[in-house]
2 protein chains.
Amino acid sequence: MARNEQKSKSTHDPLINAGLRLFGESGYDATSTRQIALAADANISAISYHFGGKEGLRLACAENVAKTLTTTITTFAAIESQTPEEAALELEHIVSALVQMLLLQPQAKTIPQFMLREIVQAEEVLDIIFPNFFEPIHKSLSQLWVRATGQDANSDAVMLSLFAVVGQVIYFRVSREIVYRRLKWDSVGPTEVQTVESIILTNLRATLEVAKKGSSQ
Amino acid sequence: MARNEQKSKSTHDPLINAGLRLFGESGYDATSTRQIALAADANISAISYHFGGKEGLRLACAENVAKTLTTTITTFAAIESQTPEEAALELEHIVSALVQMLLLQPQAKTIPQFMLREIVQAEEVLDIIFPNFFEPIHKSLSQLWVRATGQDANSDAVMLSLFAVVGQVIYFRVSREIVYRRLKWDSVGPTEVQTVESIILTNLRATLEVAKKGSSQ
DNA sequence: GTCTATAAACAGATAGAC
DNA sequence: GTCTATCTGTTTATAGAC
């Protein structure tokens with residue numbers, strides 16, 4: 001008579017997980033509520049019951065992403081105590097982790113996939129994810145960048161340079177079909193990802209160097 | 001009795017133009033054939049008649065894009081005759097042109113918008129656009145890059161570096177909502193685009209420098 | 001909270017007149 | 001080549017039994 005033996009667990013969470021996965025794989029418009037209900041082993045009407053409709057499920061997915069990611073942010077702490085060299089190294093580590101997360105095991109990472117779809121779509125979901133994730137992440141990274149280069153904090157140049165670095169990573173994920181065709185890579189494993197990572201890290205170091213010189217002149 | 005006075009011009013081209021615009025604005029799945037027919041001032045059944053269906057229209061749009069872009073490629077000619085300095089300068093010009101095209105007048109540029117959607121979607125359309133556009137463009141740019149840096153032609157490093165540069169530009173377009181929120185830019189005019197362009201060109205120069213040193217060691 | 005049944009609107013496609 | 005009319009299937013949403 002344990003509580004977890006009861007047959008009818010709420011379908012709330014399974015629906016969010018299925019929505020996250022299917023919206024990410026095929027896009028919001030190409031995914032039907034029937035597919036989601038089937039994948040979540042739930043009834044179609046459960047979507048309306050729990051979330052008020054398909055759009056409600058989308059927003060619930062976004063809130064789930066924001067909540068999940070907020071717990072990750074604590075990683076970027078104690079930035080003030082670092083030397084410029086440490087800050088540069090930490091930037092490299094973060095970029096490296098981003099590359100590994102986005103390019104390796106592309107099928108398993110539902111949250112990045114969902115986020116990338118919504119970034120391109122650029123609608124209400126950004127209002128949920130932006131203040132809870134992008135803004136704090138960008139602020140932390142900006143502090144690291146400032147620490148590493150000596151540039152003015154919160155200047156447009158710092159933020160844009162940061163976006164340029166992140167953009168390279170995002171692009172290799174979003175346009176991976178094109179990249180892999182051009183390079184004639186059949187499959188993408190750790191070796192290929194390592195090659196991409198080293199290019200991006202080289203660019204990061206080069207950009208940091210230029211930024212340092214620029215701020216010390 | 002001039003020929004262009006006849007009431008019934010073919011709806012073939014208007015349908016492609018409407019498809020290009022609407023697929024680009026809202027995505028393929030979110031656009032209905034009725035919307036397209038309305039926008040093209042044509043009958044719904046004209047889509048089946050001319051293209052065999054909605055998917056046929058999508059491919060016809062892709063072929064139209066490929067055809068339009070092929071004429072642009074002639075710009076990149078006579079690369080072999082350039083000095084390294086000229087090659088680097090030409091790369092800067094091309095990147096600059098790409099920034100201007102993608103970031104300025106975002107609502108008017110239907111072809112880039114359609115292409116960006118299809119890049120993310122990554123299906124059969126790429127088979128049409130890739131060999132006719134991306135591959136020749138990338139080959140020409142690779143030659144410029146090799147000329148500018150002295151790196152090995154057709155090495156993975158050259159192609160990936162190139163993708164990294166292009167990726168920054170694409171990212172600023174695809175994720176412009178996020179970038180502009182972070183920078184608190186209300187609208188994006190020539191001044192803002194100029195700022196983005198200078199960051200990207202600075203990165204390009206820094207990357208070229210590093211690549212040059214790497215190949216001469 | 002979950003189910004069945006069904007409503008109401010919409011999708012893409014097509015037959016056939018002109 | 002374009003039109004009207006309609007078919008067939010699917011979509012999201014909901015009413016109501018349990």
- Task: Using side chain to side chain contact (heavy atoms under 4.5 Å, CB included) as the criterion, list what pairs up with B/Ala62, not counting sequence neighbours.
- Result: B/Phe114, B/Val125, B/Ile128, B/Ile129
- Qualifying residues under side-chain hydrogen bond (donor to acceptor under 3.5 Å, both in side chains), relative to B/Ser96, sequence neighbours excluded: B/Glu197
- Message: Counting only heavy atoms and a strict 4.0 angstrom limit, can you tell me which residues of residues 28-45 of chain B come near DNA chain C?
- Response: B/Thr31, B/Ser32, B/Thr33, B/Arg34, B/Ser45
- Task: List in chain and number order the residues that pass side-chain hydrogen bond (donor to acceptor under 3.5 Å, both in side chains) with B/His138, two or more places apart in sequence or in another chain; answer none if no residue qualifies.
- Result: none
- Give every residue pair that meets the salt bridge (Lys or Arg N to Asp or Glu O under 4.0 Å) criterion with at least one member in residues 124-138 of chain A, sequence neighbours excluded. A/Asp127-B/Arg181
- Rounded off to whole Å, could you give me the CD1-to-P distance for the A/Ile47 and D/dA13 pair? 9 Å
- Item | Pair assignment for DNA chain C - dot-bracket with | for other-strand partners, Watson-Crick or G-U under 3.5 Å | ||||||||||.|||||||
- Task: Not counting sequence neighbours, which residues clear salt bridge (charged side-chain N to carboxylate O under 4.0 Å, His left out) with B/Glu92? List them please.
- Result: B/Arg205
- Query: Quick one: which of C/dG1, D/dG1, D/dA13 gets closest to the side chain of B/Tyr49?
  - Reply: D/dG1
- Who pairs with B/Ser45 by side-chain hydrogen bond (donor to acceptor under 3.5 Å, both in side chains), at least two apart in sequence or on another chain? B/Asn43
- Message: Could you tell me how far apart A/Leu15 (CG) and D/dA13 (P) are, to the nearest whole angstrom?
- Response: 13 Å
- Item | For A/Arg117, salt bridge (charged side-chain N to carboxylate O under 4.0 Å, His left out) partners two or more places apart | none
- Message: When you measure from the side-chain N and O atoms of A/Thr11 to the phosphate of C/dT2, is any distance below 4.0 Å, counting only OP1 and OP2?
- Response: yes
- Who passes ring-ring contact (aromatic ring centres under 6.0 Å, His included) against A/Tyr28, sequence neighbours left out? A/Phe23
- Only pairs at least two apart or in different chains count here, so list each salt bridge (Lys or Arg N to Asp or Glu O under 4.0 Å) that has a residue in residues 155-167 of chain A. none
- Does any residue of residues 50-60 of chain A have a heavy atom under 4.0 Å from DNA chain C, and if so, which ones, in number order? A/His50
- Note on the structure: Partner of B/Arg173 under side-chain contact (heavy atoms from CB on, under 4.5 Å), picked from B/Val179, B/Val99, B/Leu98, B/Leu116, is B/Leu116
